[in-house]
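Below is one structure, written out as structure tokens; comments come after it.
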Number of protein chains: 2
Amino acid sequence: MEKYRNIGIKLTPQRLAILHYMDGNKSHPSADTIYNAVSKKFPTMSVATVYNTLEALKNKGALQELTIEPGKKRYDPDNTPHHHLICVKCKDIIDIFKKFKLDLSDGMANGFEIKGHHIEFYGICPKCSKQH
Amino acid sequence: MEKYRNIGIKLTPQRLAILHYMDGNKSHPSADTIYNAVSKKFPTMSVATVYNTLEALKNKGALQELTIEPGKKRYDPDNTPHHHLICVKCKDIIDIFKKFKLDLSDGMANGFEIKGHHIEFYGICPKCSKQH
DNA sequence: TTTCTTGCAAAGATTTTGCAATTGC
DNA sequence: GCAATTGCAAAATCTTTGCAAGAAA
């Protein structure tokens with residue numbers, strides 16, 4: 001795949017399988033979900049390779065690690081800046097592509113050098129609304 | 001302690017020790033940090049009790065669970081709505097007490113019923129700026 | 001007294017690590 | 001060929017659970 005050539009990591013078949021699975025994926029999957037999906041087509045795949053690859057891709061900026069669910073990392077292949085809306089019941093996550101201007105006065109930042117921000121909106125998704 | 005009477009859980013000595021440790025605590029500690037601190041004065045304290053207590057307090061609205069650091073829950077005794085500024089190097093967290101009005105158009109919310117939001121600002125704290 | 005909580009240890013879940021064999025470039 | 005990566009299993013972390021004994025209300 002040409003499009004992955006410039007990420008800057010060695011493109012092994014395992015990594016390509018993960019990249020293909022993540023490409024355009026809007027479900028914000030966890031490492032475990034990715035492992036289960038990819039190892040179906042790639043039975044010798046090891047979990048360590050999945051973690052290794054996700055870490056490498058994160059460091060190269062090819063995907064974002066989300067710390068939205070406690071005790072579990074989730075991954076987002078969309079590296080344009082955006083926010084997330086999370087269902088508090090089923091933990092479903094959808095993307096919010098709106099820019100917000102959030103100014104902090106210097107006094108609030110306590111000497112921190114501000115680099116960016118991420119907004120988590122909380123709500124209840126239509127599916128969970130219908131139940132109960 | 002009178003002030004804890006109305007939380008709605010049984011006030012055991014272990015729970016009081018955790019409540020005292022968390023009261024006014026601005027360091028957003030993890031369960032492990034809390035366990036280490038509280039068990040110094042309370043050597044028979046078990047980790048299970050710490051988790052049990054934190055979960056109970058969270059459910060009663062007496063503290064917030066933060067999912068800011070991957071693989072680890074952190075706790076905040078301040079239950080007024082506020083945001084956080086996180087040092088991307090040392091994971092230090094400070095509170096941001098500013099209200100932001102963030103309107104999502106209905107189209108963006110995808111049918112979700114919005115309940116609230118939380119902003120994570122990212123930056124580098126003064127300590128980490130000086131190093132390196 | 002009744003119900004909830006504790007402490008302990010074992011189990012679960014997620015992630016990391018060490019290392020020999022293998023592979024991309 | 002060299003350096004990076006894989007797969008495997010063991011270990012490290014963090015959290016939850018089962019249950020008998022104990023304590024709060």
Side-chain angles (χ1 to χ4, degrees), chain A residues 1-21 28-60 62-76 91, chain B residues 1-22 28-60 62-75 91:
Chain A
M1 271 284 183
E2 291 302 315
K3 60 188 294 193
Y4 300 132
R5 189 77 48 87
N6 61 343
I7 294 176
I9 59 172
K10 282 191 182 175
L11 292 179
T12 67
Q14 295 88 336
R15 289 180 169 181
L16 282 171
I18 292 172
L19 281 165
H20 283 135
Y21 177 74
H28 310 81
S30 65
D32 188 58
T33 304
I34 297 166
Y35 171 71
N36 284 321
V38 176
S39 63
K40 272 181 194 160
K41 300 241 170 184
F42 219 114
T44 76
M45 169 82 64
S46 106
V47 263
T49 299
V50 174
Y51 280 103
N52 162 352
T53 299
L54 293 171
E55 183 68 16
L57 293 176
K58 181 184 75 174
N59 291 335
K60 293 295 179 181
L63 48 74
Q64 293 184 50
E65 184 181 274
L66 307 180
T67 56
I68 274 170
E69 222 182 327
K72 184 182 274 186
K73 295 175 184 171
R74 293 177 67 162
Y75 295 89
D76 186 345
K91 308 296 179 192
Chain B
M1 270 285 186
E2 291 302 313
K3 61 188 290 194
Y4 300 133
R5 191 75 50 86
N6 61 344
I7 293 177
I9 57 172
K10 283 191 181 175
L11 292 179
T12 67
Q14 295 88 338
R15 287 179 171 180
L16 282 170
I18 293 172
L19 281 164
H20 283 135
Y21 178 75
M22 292 302 284
H28 310 82
S30 65
D32 187 58
T33 304
I34 297 167
Y35 171 71
N36 284 322
V38 176
S39 62
K40 272 181 193 161
K41 302 241 168 185
F42 219 115
T44 76
M45 169 82 65
S46 105
V47 264
T49 298
V50 174
Y51 280 104
N52 163 352
T53 299
L54 292 170
E55 183 69 15
L57 293 175
K58 182 185 76 175
N59 290 336
K60 293 295 180 180
L63 47 74
Q64 293 185 50
E65 184 181 276
L66 307 180
T67 56
I68 274 169
E69 221 183 328
K72 184 181 274 185
K73 295 175 184 171
R74 294 177 65 160
Y75 295 88
K91 307 296 179 192

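Proteins come first, then strands; the chains are lettered A, B, ... in the order of their sequence lines, and each starts at number 1.
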query: What's the NZ-P distance between B:K72 and C:dT15, to the nearest Å?
result: 14 Å
field: Candidate nucleotides C:dT16, C:dG7, C:dG24, ranked by approach to the side chain of A:Y51 - the nearest
entry: C:dT16
statement: Closest to the 5' end of DNA chain C, once B:A48 and A:G71 are matched to their nearest nucleotides, is B:A48
Side-chain heavy-atom pair B:Q14, B:V38 within 4.5 angstrom cut-off: no
task: Take the protein atom OH of A:Y35 and the nucleotide atom P of C:dT14, then report the distance between them rounded to whole Å.
output: 13 Å
task: For A:A31, report the nucleic acid contact type (base, sugar-phosphate, nothing); a contact means any heavy atom under 4.0 Å.
output: sugar-phosphate
A:L16 vs A:P13 side-chain heavy atoms within contact, under 4.5 Å: no
message: Go nucleotide by nucleotide along DNA chain D from the 5' end; which of B:P13 and A:T44 gets its closest nucleotide reached first?
response: A:T44
- prompt: Separation of A:Y75 atom OH from C:dT14 atom P, in whole Å?
  reply: 12 Å
message: Over all strands shown, is B:N52 touching base, sugar-phosphate only, or nothing at heavy-atom distances under 4.0 angstrom?
response: base
message: Could you check whether A:K58 pairs with A:E65 (Lys NZ or Arg NE/NH1/NH2 to Asp/Glu carboxylate O, under 4.0 Å)?
response: yes
- prompt: Taking C-beta and beyond as the side chain, do A:I34 and A:L54 meet within less than 4.5 Å on heavy atoms?
  reply: yes
- request: Check the distance between C:dT6's P and B:K10's NZ and give it to me in whole angstrom.
  value: 10 Å
message: Strictly below 4.0 Å: does B:S46 bring a side-chain N or O up to OP1 or OP2 of C:dT6?
response: no
Test item: A:F42 and A:I18 side chains (from C-beta on) under 4.5 Å apart, heavy atoms: no
field: Range on DNA chain D touched by chain B - first to last nucleotide, heavy-atom distance under 4.0 Å
entry: D:dC14 to D:dA25
message: Is the shortest side-chain heavy-atom distance between A:T49 and A:T12 below 4.5 Å?
response: no
message: Could you tell me how far apart B:L54 (CG) and C:dT5 (C1') are, to the nearest whole angstrom?
response: 15 Å
- request: Would you mind reading off the distance between B:E55 atom CD and C:dT6 atom P, rounded to a whole angstrom?
  value: 13 Å
task: Let me know, please, whether B:K73 or A:F42 comes out on the 5' side of the other along DNA chain D by nearest nucleotide.
output: A:F42
task: For residues B:E69 and A:T67, report the shortest heavy-atom separation together with the two atoms involved.
output: C-CG2, 4.4 Å
query: How many Å lie between CD on B:E69 and P on C:dT14, as a whole number?
result: 18 Å
- prompt: Just how far, in rounded Å, is C1' of C:dT3 from CD1 of B:I9?
  reply: 15 Å
